[in-house]
Amino acid sequence: MKKLNVKGKWIKPTILATLIAVSAPTLAATNGTMMQYFHWYNSQSDNLWAKVSSEAQNLSDVGITALWLPPAYKGQAGAYDVGYGVYDLYDLGEFNQKGTVRTKYGTKDQYLAAINSAHNAGVNIYADVVLNHMMGADATESVTAVRVDPNNRNQEYWGDINVDAWTVFNFTARNNKYSSFKWSWVHFDGVDWDDNTKENCGGSCVYKFRGTGKAWDSQVSSEKGSYDYLMGADLDMDHPDVVNELKNWGRWYADFTGVDGFRVDAVKHVKAGFSRDWINTVRAHTGKDMFTVAEYWDYDRGTLQGYLADSGYTMSLFDAPLHMNFHTASKSNGNYDMGSLMNGTLMQSNPMNAVTLVENHDTQPLQALESPVADWFKPLAYSFILLRQEGYPNVFYPDYYGATYTDKGGDGNNYTINLQSHKTILDILLKARRDYAYGAQNSYLDHSDVIGFTREGDAEHWKGLAVLMTDNSYEGYKWMKAGDAHKNACFTDITGSYTSSDKVCTNNDGWGNFKTKPGSVSVWVKD
């Protein structure tokens, strides 16, 4: 029987009718865990859609309940496009456009089969949605525009000019299937390339369009004056035809694919009111929860909280500050204050709206927001997001499967990157989240090196667990309350750091002196 996601828990449909009347501990609920099922350097030969179909049941078996899949529509680079250079939102690998029928990940039929396989395994699918820009237009047209300072987009200079802008999207190969809408310059706010002068600004040219109603959108990040413009042909969210077409597409996409939710890209560059109305439109149309997490990448928690408010709390956000805390801690040679690991994070202040993560495709080595978490620290970080009660955790594909790729660094030189697979420990932690991480939480984030927490369990998941970790070079110990239900009980470390005969036993009050190895984490579960 397929389970449905209700606020991060996976509930059997037969229980939903009594959700309000029944207290949470009595519900047959399983902790939800999502996985970002791609990274920037997946190749065509990975055949990702086929891999989803073959792996869905295995992932479900270890506790993955949802997959965030990459953008499924045709990008400007065809079969080489990661998906963020959006060309045609309606081409899911069906039409011969940009030199290919398939996308980087496969064909439309393979995509739909992957979703079906995931659903059969009880795994939800979140689709990556890019509604900020389009690229790879079919033709140019002359548009009146003005240059703006790339570091202050509200500062115009040198007066109006005519630019040849790549803004004509006709999609002739699709021949009006699914939608007859055609895009032209009136549907955009600006571009970064003039095909007339071919002005080379080192990627920093920004041309703002002139015309009735043309201005940068409001409710966007105030970085660079206004951060409405990011790349390509920037969508004008104040144009009613744009808003209407994107809502039509959202309804079509939800119906056509049967996805269960969305990851929305680059929302700091998109009018918050539009994002709110768009997801509400799709939810109303489908009658489904359509869980949605948005990417507003900023390390200031106050900025993220402002966006949550502006968008009416219709979406969750990735906890970028938490990722940065993990990155900093992993690079601090044991000198990080582990007791502050959750400080300044959405996990701490807005746990119901926080999607917690260790890495993603932008933070991996050689990418735009490069800030990798060191391998030795990843078991600690994943224990923190998977076994605590705050937030909805996300596992990164290369952290599970590993990855090897070559690309240019910021210095222009080629580097080969080998990302280590942490599948062994992640399988242990995922199963611990699924089977044991329930009930009251007792936190001991009270030391600069050694921190821990316990989960007391509930009626269905009665074993509970205790987690202890240290970033320093000595064995860590901490007295922690396992709970009244765990008096005079013995616990075994399921990570394997300690042998099965090396147990921790609690006293008459349910407290135990738990331990962990240097620079490591131990997860103790009652025998």
Side-chain angles (χ1 to χ4, degrees), residues 8-10 22-31 33 62-63 338-339 341-342 347 351 379-391 393 424-527:
K9 303 292 184 182
W10 288 75
V22 180
S23 61
T26 65
L27 293 172
T30 301
N31 285 326
T33 305
V62 298
M338 291 289 285
L341 199 57
M342 204 156 61
M347 187 183 190
L380 285 70
Y382 274 110
S383 297
F384 204 80
I385 68 171
L386 289 171
L387 303 182
R388 290 185 66 84
Q389 66 185 4
E390 305 95 343
T424 299
I425 185 62
L426 280 173
D427 280 346
I428 292 169
L429 297 177
L430 287 165
K431 291 177 180 178
R433 175 172 173 79
R434 181 193 64 194
D435 296 339
Y436 309 125
Y438 299 88
Q441 177 172 280
N442 305 300
S443 285
Y444 301 90
L445 310 183
D446 54 1
H447 192 271
S448 61
D449 294 328
V450 185
I451 61 172
F453 55 92
T454 66
R455 303 294 302 276
E456 295 190 20
D458 58 28
E460 185 178 1
H461 313 90
W462 54 269
K463 285 195 171 185
L465 57 74
V467 178
L468 196 69
M469 64 183 71
T470 178
D471 69 338
N472 222 307
S473 57
Y474 56 84
E475 193 169 36
Y477 291 84
K478 187 177 292 291
W479 279 93
M480 298 192 295
K481 179 183 178 182
D484 291 340
H486 308 297
K487 298 176 180 178
N488 300 309
C490 290
F491 289 69
T492 299
D493 178 17
I494 61 173
T495 70
S497 290
Y498 294 94
T499 66
S500 58
S501 61
D502 193 4
K503 301 180 183 300
V504 171
C505 297
T506 58
N507 61 20
N508 290 332
D509 297 318
W511 287 71
N513 191 20
F514 294 93
K515 56 187 176 181
T516 188
K517 294 290 179 67
S520 186
V521 60
S522 290
V523 179
W524 299 88
V525 174
K526 188 163 75 172
D527 294 343

Legend entry - Close side-chain approach of Tyr382 to Ile425, heavy-atom, < 4.5 Å: no

Inset, instruction - Quick one: closest heavy-atom pair of Met469 and Leu380, and the distance? - result: CE-O, 3.5 Å

Inset, instruction - Could you tell me which non-hydrogen atom of Ala466 sits nearest to which non-hydrogen atom of Thr454, and how far apart they are? - result: CB-CG2, 3.8 Å

Legend entry - Those residues that, when tested against Asn488, pass side chain to side chain contact (heavy atoms under 4.5 Å, CB included) (two or more places apart): Asn508

Legend entry - Close side-chain approach of Tyr438 and Gln389, heavy atoms under 4.5 Å: no

Legend entry - Flag, side chain of Ser383 to backbone of Pro379, donor-acceptor distance under 3.5 Å: yes

Legend entry - Validation row, ring centre Phe514 to ring centre Phe491 under 6.0 Å: yes

Inset, instruction - Nearest 0.5 Å please: distance from the NZ atom of Lys517 over to the OG atom of Ser473. - result: 14.5 Å

Legend entry - Minimum heavy-atom distance between Val62 and Leu430, given as atom pair plus value: O-CB, 3.1 Å

Inset, instruction - Check the side chains of Thr492 and Lys503 for a donor-acceptor pair under 3.5 angstrom, ignoring hydrogens and angles. - result: yes

Legend entry - Pi-cation contact, Phe453 with Arg388 (under 6.0 Å, within 45°): yes

Inset, instruction - Find out whether Thr516 and Glu475 are in side-chain contact, i.e. whether some heavy atom of one side chain is under 4.5 Å from a heavy atom of the other. - result: no

Inset, instruction - Return yes if some donor-acceptor pair links the side-chain N/O of Tyr436 with the main-chain N/O of Trp462 below 3.5 Å, else return no. - result: no

Legend entry - side-chain contact (heavy atoms from CB on, under 4.5 Å) between Phe384 and Leu445, intermediate numbers included: CA-CA 11 Å; Phe384 204 80; Leu445 310 183; 4.1 Å; yes

Inset, instruction - Apply side-chain contact (heavy atoms from CB on, under 4.5 Å) to Asn507 and Lys487, showing your working. - result: CA-CA 6 Å; Asn507 61 20; Lys487 298 176 180 178; over 6 Å; no

Legend entry - Distance-minimising heavy-atom pair for Ile385 and Met347: CA-CE, 4.4 Å

Legend entry - Donor-acceptor pair, side chain of Asp509 and main chain of Trp511, under 3.5 angstrom: no

Legend entry - CD1-CG distance between Ile494 and Leu429, expressed to the nearest 0.5 angstrom: 7.0 Å

Legend entry - Exercise: do Glu390 and Gln441 side chains pair donor with acceptor under 3.5 Å: yes

Legend entry - Under 3.5 Å side-chain donor-acceptor pair for Thr470 and Asp449: no

Legend entry - Main-chain N/O of His486 paired to Thr506 side chain as donor or acceptor, under 3.5 Å: yes

Inset, instruction - Supply the atom-to-atom distance Asp527 CG to Lys463 NZ, rounded to the nearest 0.5 angstrom. - result: 7.0 Å

Legend entry - Backbone N/O of Glu460 and side chain of Asp458: donor-acceptor pair under 3.5 Å: yes

Legend entry - Qualifying residue for side-chain contact (heavy atoms from CB on, under 4.5 Å) with Leu387, from Asn31, Val521, Leu465: Leu465

Inset, instruction - State whether Tyr498 and Lys515 meet the cation-pi test: NZ (Lys) or CZ (Arg) under 6.0 Å from the six-membered ring centroid, and within 45° of the perpendicular axis. - result: yes

Inset, instruction - Search all heavy atoms of Leu386 against all heavy atoms of Arg433 and return the closest pair with its distance. - result: O-NH1, 2.9 Å

Legend entry - Donor-acceptor under 3.5 Å (Arg455 side chain, Gly464 main chain): no

Inset, instruction - Would you mind reporting whether Val523 and Ile428 have side-chain heavy atoms less than 4.5 Å apart? - result: no

Inset, instruction - Mind checking the NE2-CD spacing from His461 to Glu456? Nearest 0.5 Å is all I need. - result: 15.5 Å

Inset, instruction - Please round to the nearest 0.5 Å and tell me the distance separating atom OG of Ser520 and atom CG of Asn472. - result: 13.0 Å

Legend entry - Contact summary for Asp471 and Ser448, nearest pair of heavy atoms: OD1-O, 4.1 Å

Inset, instruction - Kindly compute the distance separating OG (Ser522) from CG (Asp493), expressed to the nearest 0.5 Å. - result: 3.5 Å

Legend entry - Asp446/Lys478 ion pair, N-O < 4.0 Å: yes

